[in-house]
Amino acid sequence: MLLVVLEHDRGTLGEAGREALTFGRTLAAKMDVEMHAAVIGAGAPEAAGPDGIAAEAGNHGAARVYTVDGEVLSDFGPEAWGESIAQVTNLLGPSAVLTCGSERGNEVVAQAAVRLDAPMVANCTDITPPGGDGAEWSMTRVQWGGSLLEDATLSAAGPALLSCALHTVASSPVKPAPSATPPVQSIDVDLPPELARTVVKERVVLEAGVTLPTAPVVVGGGRGVGSAEGFAPLEELAELLGGRVGCSRAVTNNGWRPHSDQVGQTGTRIAPEIYIASGISGAIQHWVGAMGSKHILAVNIDPEANMVVKADWAVIGDLHQVIPAISAEIRRRWS
Amino acid sequence: MRILCCVKRVPAPGARINVTADGLAVDAAHLGFTTSPHEECGVEEAVQITERTGGEVTVLTLGPAEAAEQLRYAASVGAHHGVLIQTDGAAWDPERTAGALTSAIEALEESGGPFDLILFGNESADSGGFQVGVRVCYSLGRPIVNGIKGIEINGSTLRARREIDGGFEVYELAMPAALGVKEGINLPRYPTMRGRLASKKLAITTMEIDADAGGQALVRLHRPAETLSQTTILGHGPEAAPAVVDVLEELGVL
Ligand SMILES: Cc1cc2nc3c(=O)[nH]c(=O)nc-3n(C[C@H](O)[C@H](O)[C@H](O)COP(=O)(O)OP(=O)(O)OC[C@H]3O[C@@H](n4cnc5c(N)ncnc54)[C@H](O)[C@@H]3O)c2cc1C
Ligand SMILES: Nc1ncnc2c1ncn2[C@@H]1O[C@H](COP(=O)(O)O)[C@@H](O)[C@H]1O
């Protein structure tokens, strides 16, 4: 059996959970086993109910759903989740455990792996189970935040602990939809109370709005902008387009913009309809954060810049002149 | 406070990453090296904490002899001690790395007393295994939370912030504890001339430690398929603005 641990937030299954199921379905078929799903945490049994996560898991291919609940699972806690996965794994004996390679997913599968004294392979994009001769697993995984791929092997005495890189597959339900909700079974685990030491204590909700990862337009600025003040025209254009300003690491390193605006490997991955990247050379670590954009327009004085070469459209010139001119042209057409 | 930071030396590639002919490493022939960014922020955080509360920062790295460069850099921005677990430079798998780091930390604590706080990066910049810190902490019996972008210290308790969709969550850990931090937690300072000079004199402790290989093995690195796009040059300078706005109209983002 392949066990998929579902990422959810207080009972709501997120896109990462659906992706893990979609990826897991293909893997389970290659392994020639059933895919089961586990829901860990506060209220898991209720959340898993027939209209909840269990139904959704079933629609995405899970043949069975397990729930785990307990005192110390009142909210997310990496150690308590990891210990739960380890115990469920010992009890059910899956051949592999899979999560989505989100921040939480990778963290809890690592916590489970060390408890099972098992290797773990993070952020796979393709996984081949061992052949009949009991050989090793082989997989492709991402390095450098997606700039590079690694072919790797995994030899594990017990279950293989795996995560699939975010957005490797688009989530999709099985067709035709299964006729019934999969059976739900609650599993008893024995969680030492001290695991509460890493459970979330408090949550703070910030004002919602257009965020960088979801903005329909991102106006990006790099070292070429030259200063914090230099971003005013980019702010203006972003506002006109209902978008957000993004930036490169050169900009955050100079203290011109907060890190929350940074696009790239160690920043945010964006996916706008269009990314207007100005004064950005397009280093690979920036590119991996920008490549999810549907279209890219580069503004750069250097026609050979990587960003220009990879863009759909480019304007060659000084961004300090080009960006304000675009805003002015928009206003002219609107008036 | 005694704080330990675990940092990794990684190449600093430019527009693209090239791989050596045998596919086993990044071709760093023409590249500089740097500290993995999350961990660079870990060092800055540790230095800021000890500037406020007193104490010492030790930086630990496992890598080739040249990784001393990253320890000296850390010293140039305020770290007090550097420890190198020297390898021949070949990539180690996450279990082996964690095993060696654990032994080193045990030895350092044996001689110098326990670390109140151990800082890891959320993930290393190159191999990104997302597990070394978790493994080390489990072996040491110490709590760890990853994804941390804010640390507050109240007596012997840490309050740590982690970003989530639409807000953040707070963890409270009693020290000794560990955290996996992310870039953005602070803005690392640049070394001063004085810092640079002082770092040249840093006495680096070198350890020879090995650990059992784990189950994950590298076969080959390769670049993902690149989708080459035909770039349409809309024009030069501000005169290109109308062509740009035509594109924006076409895309329906206006
Ligand atoms: C492990 C690691 C992780 C990293 N993570 C990230 C990350 O998450 N995000 C990120 O962005 N970087 C990241 N980097 C840094 C990255 O390698 C580059 O250093 C950085 O992206 C460069 O930023 P830039 O393009 O703004 O600056 P530069 O590379 O200096 O480029 C500036 C560009 O502006 C152009 N320009 C200059 N003046 C003008 C003008 N007046 N008008 C128009 N164009 C002009 C120049 O032609 C040039 O193309 C990371 C690096 C490492 C090693
Ligand atoms: N070779 C190393 N030397 C020192 N610390 C390391 C090394 N490899 C990993 N780490 C630490 O463990 C964290 C997680 O690494 P990883 O599991 O590779 O993503 C890193 O951010 C570092 O803090």
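Just so it is clear: chains get the letters A, B, ... in the order the sequence lines come, proteins before strands, and each one is counted from 1.
Of the atoms belonging to B:Val132, not a single heavy atom falls under 4.5 Å from chain A. Heavy atoms closer than 4.5 Å to chain A are found in both the backbone and the side chain of B:Val245. Contact annotation for B:Leu187: only side-chain heavy atoms (C-beta onward) come within less than 4.5 Å of a heavy atom of chain A. Contacts of A:Trp137 with chain B are absent, with no heavy-atom separation under 4.5 Å from either backbone or side chain. When heavy atoms are compared at a cutoff of 4.5 Å, A:Val109 does not approach chain B at all. Residue B:Glu239: no heavy atom, backbone or side chain, is found under 4.5 Å from chain A. Interface remark: B:Val244 contributes side-chain atoms only to the contact with chain A (heavy atom separation under 4.5 Å). A:Val299 does not touch chain B: none of its heavy atoms, backbone or side chain, sits under 4.5 Å away. Contacts of B:Glu95 with chain A are made by side-chain atoms alone, with heavy-atom separations under 4.5 Å and no backbone atom involved. Looking at A:Trp287, neither its backbone nor its side chain comes within 4.5 Å of chain B, counting heavy atoms on both sides. Heavy atoms of A:Asp318 lying under 4.5 Å from chain B are absent altogether.
Between chain B and the options A:Val309, A:Leu240, A:Asp312, the largest number of non-hydrogen pairs under 4.5 Å is found for A:Asp312. In terms of heavy-atom pairs under 4.5 Å with chain B, the best-connected choice from A:Ala283, A:Ser327, A:Ala305 is A:Ala283. The residue among A:Ala118, A:Gly145, A:Gly101 with the most heavy atom pairs within less than 4.5 Å of chain B is A:Ala118. If you tally non-hydrogen atom pairs under 4.5 Å between each of A:Val205, A:Val308, A:Asn253 and chain B, the highest count goes to A:Asn253. Among A:His295, A:Arg203, A:Glu79, A:Met120, the residue with the largest count of heavy-atom pairs under 4.5 Å with chain B is A:Met120. In terms of non-hydrogen atom pairs under 4.5 Å with chain B, the most contact-rich of A:Ala311, A:Ala122, A:Ala110 is A:Ala311. The most heavy-atom pairs under 4.5 Å with chain A, out of B:Pro238, B:Ala240, B:Gly252, come from B:Pro238.
Here B:Glu163 does not pair with A:Arg104 in a salt bridge; the nearest charged N to carboxylate O distance is not below 4.0 Å.
By the 4.5 Å heavy-atom criterion applied to side chains, A:Val200 and B:Val170 are not counted as neighbours. Proximity of B:Ile144 to A:Gln111: side-chain heavy atoms (C-beta onward) are separated by under 4.5 Å at one or more points. Residues A:Val199 and B:Tyr171 have side chains not in contact (no heavy-atom distance under 4.5 Å, counting atoms from C-beta outward). Side chains of B:Leu254 and A:Trp334 form a contact here, defined as non-hydrogen atoms less than 4.5 Å apart. The shortest side-chain heavy-atom distance between A:Leu297 and B:Leu234 falls under the 4.5 Å cut-off. Using a 4.5 Å heavy-atom cutoff, the side chains of A:His259 and B:Asn186 are not in contact. At least one side-chain heavy atom of A:Ile274 sits under 4.5 Å from a side-chain heavy atom of B:Leu248.
Scanning all heavy atoms of the two residues, the minimum distance from A:Gln285 to B:Gly14 falls at OE1-O, 4.3 Å. Between A:Ala113 and B:Arg135, the shortest heavy-atom distance links the atoms CB-NH2, 3.8 Å.
Of the possible polar contacts, none joining the A:Thr266 side chain to the B:Pro37 backbone as a donor-acceptor pair under 3.5 Å is found. No side-chain donor-acceptor contact under 3.5 Å links A:Thr198 to the backbone of B:Pro143. For A:Gln321 (side chain) and B:Gly237 (main-chain N/O), no donor-acceptor pair under 3.5 Å exists by modelled atom type. A donor-acceptor pair is defined here as one N or O able to donate and one able to accept, closer than 3.5 Å; no such pair exists between the side chain of B:Glu169 and the backbone of A:Val204.
Applying the side chain to side chain donor-acceptor pair (under 3.5 Å) test to B:Arg223 and every residue at least two apart in sequence or in another chain returns B:Asn18.
Counting heavy atoms of neighbouring residues, nucleotides and ligands inside a 6.0 Å radius, atom CG of A:Asp117 does not exceed 12 of them. By the neighbour-count criterion of 12 heavy atoms within 6.0 Å, atom CG of A:Asp302 is densely surrounded, having more than that number from other residues, nucleotides or ligands.
Expressed to the nearest 0.5 Å, how far CG of B:Asn146 lies from CG of A:Asn106 amounts to 9.5 Å. Rounded to the nearest 0.5 Å, atoms OG (A:Ser163) and CD (B:Gln131) are 9.5 Å apart.
The contact list for residues 154-162 of chain B toward chain A, using heavy atoms and a distance under 4.5 Å, reads B:Arg159, B:Arg162 by residue number. Contacts between residues 117-130 of chain B and chain A, defined by a heavy-atom separation under 4.5 Å, are made by B:Asn122, B:Ala125, B:Asp126, B:Ser127, B:Gly128, B:Gly129, B:Phe130.
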Return all side-chain donor-acceptor pairs below 3.5 angstrom for residues 147-161 of chain A, not counting sequence neighbours, or 'none' if the list is empty.
unit_1, atom_1, unit_2, atom_2, d
A:Ser147, OG, A:Trp144, O, 2.9
A:Glu150, OE1, A:Arg141, NH1, 2.7
A:Glu150, OE1, A:Gln143, NE2, 2.8
A:Asp151, OD1, A:Thr140, OG1, 3.1
A:Asp151, OD1, B:His222, NE2, 3.0
A:Asp151, OD2, B:Arg220, NE, 3.4
A:Asp151, OD2, B:Arg220, NH2, 3.3
A:Asp151, OD2, B:His222, NE2, 3.4

Please step through salt bridge (Lys or Arg N to Asp or Glu O under 4.0 Å) for the pair A:Arg333 and B:Asp246, ending with a clear verdict. CA-CA 10 Å; A:Arg333 292 199 195 182; B:Asp246 287 347; 2.8 Å; yes
Using the rule given for side-chain hydrogen bond (donor to acceptor under 3.5 Å, both in side chains), can you reason through B:Glu183 versus A:Gln262, listing the C-alpha separation, both sets of side-chain angles and the distance that settles it, and then say yes or no? CA-CA 10 Å; B:Glu183 187 179 75; A:Gln262 183 178 314; 2.9 Å; yes
